[in-house]
Amino acid sequence: MYERRTTEPTSTPPPPLGTIAGQRQPSDVRIGDFVCLDGLYLPVRDMRSAGTSGHRVLIFDGHAPWVMNKPTTTYRPIELL
């Protein structure tokens, strides 16, 4: 059978309500920020240093830890600003 191929990029879901997007360095991420991984916005529950301020291991509930090693768009709740 033939499969239909699409060239459209996968769309990301809308960001969590009450958050503001920002391009942040690994050293600027805070607990409570949201990161989009695997099509889901996951809140950062904990984090560890990965040796330098340029790398941070982010820990989520129900998802494997993720190494943030470059500036990434994160979503910060308005009350944490």
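All of these numbers come straight from a predicted model, not from anything done at the bench.
Heavy atoms only, all atoms of each residue included: Gly54 and Pro26 are closest at O-CG, 3.4 Å. For Asp46 against Arg48, the heavy-atom pair with the smallest separation is OD2-NH1, 2.8 Å. Pro13 approaches Gly39 most closely through the heavy-atom pair CG-O, 3.4 Å. In terms of heavy-atom proximity, Phe60 sits nearest to Pro43 at CD2-O, 3.3 Å.
Looking only at distances, a side-chain donor or acceptor of Thr72 sits under 3.5 Å from a matching main-chain atom of Lys70.
Taking CZ from Arg56 and CH2 from Trp66, the interatomic distance works out to 12.5 Å, rounded to the nearest 0.5 Å. Separating the CG atom in Asp38 from the NE2 atom in His63 is a distance of 4.0 Å, to the nearest 0.5 Å. Between the OG1 atom in Thr73 and the CD atom in Gln23 there is a gap of 4.0 Å [rounded to 0.5 Å].
Criterion: ILVMFWY side-chain heavy atoms under 4.5 Å apart, direct or through other members. Under it, Ile31 and Leu37 are part of a common hydrophobic cluster.
Side-chain contact between Met47 and Ile59: absent, with no pair of heavy atoms (C-beta onward) separated by less than 4.5 Å. Two residues are said to be in side-chain contact when any heavy atoms from C-beta on lie closer than 4.5 Å; Pro71 and Gln25 meet this criterion. The shortest side-chain heavy-atom distance between Arg45 and Leu58 does not fall under the 4.5 Å cut-off. Side chains of Asp33 and Arg76 form a contact here, defined as non-hydrogen atoms less than 4.5 Å apart. With contacts defined as side-chain heavy-atom distances shorter than 4.5 Å, the pair Phe34/Thr19 qualifies. A 4.5 Å side-chain heavy-atom check between Leu42 and Val35 finds every atom pair outside the cut-off.
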